[in-house]
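Before any comments, here is the structure.
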Amino acid sequence: MSSASPAPAPSSVEPSPPSALSAVRELAPEPDTRLLMALLLAAALLPRLLLMPVNENYYGDAVARTELAERWARAPHLITSYADGAFQFGPLHLYLVGAALKVVPDRALAGRLVSLVFGVLAVVPLFALTRRLFGWRAGVVAGLGLGVWGMHLQMSTTAASESLSLFLMLWVFALLAEGLDDNRMGPLFKAALVLNLACATRYDAWLYMPLLCVLLLMWGPDRLAGLTRAVGFGFMCLPFPLLWMQGNEMAHGDPFYPVRIVEQFHAQWVKDGIAWLGAPLFRLQSLGFWPGMALLTLSPGVALLGMVGMWRAWRTRPDVRWLTLAALVPTAYFTFRGAVLLDFQPLGRFTVTQLAVLLPFVVPGFEACAGAWGPGARKALAVVCGVLAVAVPVGMGLYTFRADGGRRDTMRPVSPTSTNPVPLMQVARFLKEEVAAHGGAAVVDDDPRYMDLQLAFFSGLPDERLARVRWETFRKHLREAQPEYLVRFDEGSLVKDSGVTLQGKTLVLDGVEYGELDGFAPPLHVYRRHSR
């Protein structure tokens with residue numbers, strides 16, 4: 001990665017006029033860059049390796065993405081639209097998980113390994129970006145902050161797309177910093193090409209195409225040079241978005257069809273949120289969501305220092321305002337939609353890119369807060385912030401680990417530990433050991449919270465031995481598989497089916513009688529077919 005290449009060490013001879021981004025230099029000699037990177041990679045890898053054996057695919061569409069990647073791996077092809085196998089997701093992550101499944105057949109592990117690789121590698125562009133703007137010490141602190149960031153720990157050990165997406169966005173920012181610092185178009189073109197990959201991963205990256213074009217236009221006093229940068233960068237951003245829009249236009253008559261599907265999800269989530277909290281509290285939650293996620297997941301010390309550093313840099317470093325705006329503009333946009341328009345439900349994983357941009361500003365924030373303090377006070381502040389950076393994710397991870405209900409369910413999406421509900425995994429283990437292992441089949445009810453997807457994934461049962469109520473082909477699979485077991489959810493739609501009657505512990509499905517088994521906890525109920 002070009003942005004990670006070492007910068008020339010400061011010389012005792014007065015150099016030629018430096019570029020704006022090179023204005024801040026370290027007085028102490030910089031350690032070997034390769035050594036720093038090796039240490040930061042190790043610091044990021046260690047906690048993620050500790051979590052790999054215990055974390056499970058849960059949030060972030062990890063299960064759905066893995067199943068779609070499995071289908072693609074069975075019949076590899078170029079995905080051109082929603083209808084071509086990606087559904088509402090971008091295709092790049094599916095390609096990578098599908099390729100991983102070819103090497104690692106364990107469906108519960110392959111996608112997680114993809115996230116682990118890119119989660120660890122994210123320290124490389126983050127260090128390159130921060131080092132170029134604020135020096136190597138700030139780069140080390142930013143890398144260590146990413147290494148213990150609780151929400152990123154979860155995303156690096158589950159099979160969702162946020163780990164890959166953040167790696168790509170940090171790479172984009174690092175290349176932009178290089179291009180602006182060196183006043184070269186080459187890194188800007190590379191940044192645009194990497195942004196294509198980010199847009200092929202998650203739709204929130206699409207917002208950065210016009211935003212970064214505007215920021216490049218406004219950077220520096222030379223408007224003609226800014227126009228050249230913006231037009232060149234914007235042109236190089238177009239290949240994937242145009243091809244993806246064309247594919248969806250041809251398949252669905254709407255170039256933005258997948259985005260509109262995602263918007264429908266958010267519209268329903270907003271209705272559910274307002275029904276639960278009421279409109280005033282929902283607006284208040286949306287208003288404070290991004291800073292709240294920073295304080296909760298990055299830890300109060302890291303988040304506050306990053307915010308102070310961002311404010312100080314805005315006042316004293318006009319050359320880095322583009323990076324500040326890369327965080328603030330999307331935050332303001334999504335906050336406005338949630339708090340004012342009431343058409344967007346903020347989720348923790350949508351804040352990842354903006355929160356990560358706080359990390360380069362932690363050391364400038366520390367200097368702004370403690371620059372005039374004595375050595376003892378400065379050390380005390382550093383120790384407190386460092387302890388909080390580790391203690392907050394550790395405490396949250398222990399609090400949510402394999403424990404359900406109340407605040408645990410609220411905090412689990414951003415906790416370092418990602419575990420499915422205990423009753424669900426109990427049923428999944430039963431199906432895997434007592435049904436799948438003996439060549440059996442099962443009926444799986446649907447669940448409004450999509451827990452049936454999790455259950456089917458961890459059951460170990462292949463599609464041909466599952467009759468899932470969620471599928472349009474439910475009756476066809478029911479006839480072909482002749483399942484001996486049935487799983488019902490309390491809020492599932494199976495009992496509303498005209499072919500189903502439920503009386504006490506007996507359920508009749510299309511004339512076949514099932515009796516409920518003991519030993520399982522609501523909201524799941526397990527039934528076995530009565531002998532004929």
Side-chain angles (χ1 to χ4, degrees), residues 48 51-52 54-70 86-98 100-101 107-120 122 146 149-170 198-205 258-259 261-262 265-266 268-269 289-290 293 296-297 334 344-356 393 396-397 400-401 408-421 424-425 447 449-458:
R48 286 156 179 79
L51 287 172
M52 281 295 285
V54 298
N55 272 7
E56 300 163 352
N57 285 328
Y58 190 11
Y59 290 104
D61 304 309
V63 163
R65 287 177 176 274
T66 302
E67 291 186 341
L68 291 175
E70 280 185 302
F87 291 87
Q88 73 263 30
F89 305 122
L92 178 59
H93 184 248
L94 303 184
Y95 294 150
L96 293 176
V97 176
L101 284 165
R107 67 200 306 240
L109 179 61
R112 298 173 63 214
L113 290 176
V114 171
S115 293
L116 177 66
V117 169
F118 288 104
V120 173
L146 181 72
W149 181 11
M151 184 162 59
H152 193 260
L153 286 169
Q154 180 191 132
M155 293 172 179
S156 302
T157 52
T158 54
S161 63
E162 290 82 12
S163 177
L164 170 63
S165 176
L166 180 61
F167 166 78
L168 294 171
M169 288 307 305
L170 289 174
C199 290
T201 304
R202 291 187 60 86
Y203 294 110
D204 43 355
V259 179
I261 296 295
V262 175
F265 281 113
H266 278 276
Q268 185 57 52
W269 292 336
F289 194 80
W290 262 257
M293 285 296 101
L296 182 64
T297 68
F334 289 119
F344 179 81
Q345 169 67 62
L347 300 172
R349 61 182 180 269
F350 288 154
T351 68
V352 173
T353 301
Q354 293 81 53
L355 298 192
M396 189 185 303
T400 60
F401 181 66
R408 290 180 172 87
D409 291 343
T410 302
M411 295 173 62
R412 187 172 290 107
V414 296
S415 169
T417 55
S418 175
T419 55
N420 286 272
L424 182 139
M425 293 307 292
D447 178 74
R449 296 165 298 176
Y450 301 100
M451 288 297 97
D452 56 303
L453 302 184
Q454 305 297 121
L455 179 63
F457 182 82
F458 288 104

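In this structure, Trp290 and Phe334 have parallel ring planes: the angle between them is below the 30° cut-off, well short of the 60° mark. Ring pair Trp149/His152 is parallel by interplanar angle, where below 30° counts as parallel and above 60° as perpendicular.
Under the 3.5 Å distance criterion, with hydrogens and angles disregarded, a donor-acceptor pair is assigned to the side chains of Ser161 and Arg202.
In this structure, Ser415 contributes its side chain and Met411 its backbone to no donor-acceptor pair below 3.5 Å. Between the side chain of Ser115 and the backbone N or O of Ala160, at least one donor-acceptor pair lies under 3.5 Å. In this structure a side-chain-to-backbone donor-acceptor pair under 3.5 Å is present from Glu56 to Asn420. Distance alone, capped at 3.5 Å, places no donor-acceptor pair between the Asn57 side chain and the Ala62 backbone.
Arg112 contributes atom CZ, which lies 8.5 Å from atom OG of Ser418 (distance to the nearest 0.5 angstrom). The OH atom of Tyr203 lies 10.0 Å from the CD1 atom of Ile261; values are rounded to the nearest 0.5 Å. Interatomic distance, Asp447 CG to Leu455 CG, rounded to the nearest 0.5 Å: 9.5 Å. Interatomic distance, CG of Leu146 versus CG of Leu355, reported as 11.5 Å (0.5 Å rounding).
Thr353 pairs by the side-chain contact (heavy atoms from CB on, under 4.5 Å) definition with Leu166, Met169, Phe173, Tyr208, not counting sequence neighbours. Under the side-chain contact (heavy atoms from CB on, under 4.5 Å) criterion, Leu51 pairs with Val54, Asn55, Leu153, Thr157, Pro416, Thr417, sequence neighbours left out. Checked against side-chain contact (heavy atoms from CB on, under 4.5 Å), Asp61 has the following partners two or more places apart in sequence or in another chain: Arg65, Phe89, Arg349.
Looking only at side-chain heavy atoms (C-beta outward), Thr158 and Tyr58 stay at 4.5 Å or farther from each other. Side-chain contact between Val414 and Met396 is present, with at least one heavy-atom pair separated by less than 4.5 Å. Between Leu347 and Trp269 there is a side-chain heavy-atom pair separated by less than 4.5 Å. Within the 4.5 Å cutoff, no side-chain heavy atoms of Thr297 are placed close to those of Thr351.
Nearest approach of Glu67 to Leu453, heavy atoms of both residues: OE2-O, 4.5 Å. In this structure, Pro393 and Gly150 approach most closely via the heavy-atom pair CB-CA, 3.8 Å. Nearest heavy atom pair, residue Met155 against residue Glu162, reads SD-CB, 3.5 Å. Here the closest heavy-atom approach between residue Met52 and residue Leu113 is recorded as CE-CD2, 4.0 Å. When all heavy atoms of Val63 and Phe457 are compared, the pair lying nearest together is CG1-CB, 3.6 Å. Here the closest heavy-atom approach between residue Pro258 and residue Phe87 is recorded as CB-O, 4.3 Å.
Phe344 and Phe350 have their aromatic ring centers within a separation under 6.0 angstrom.
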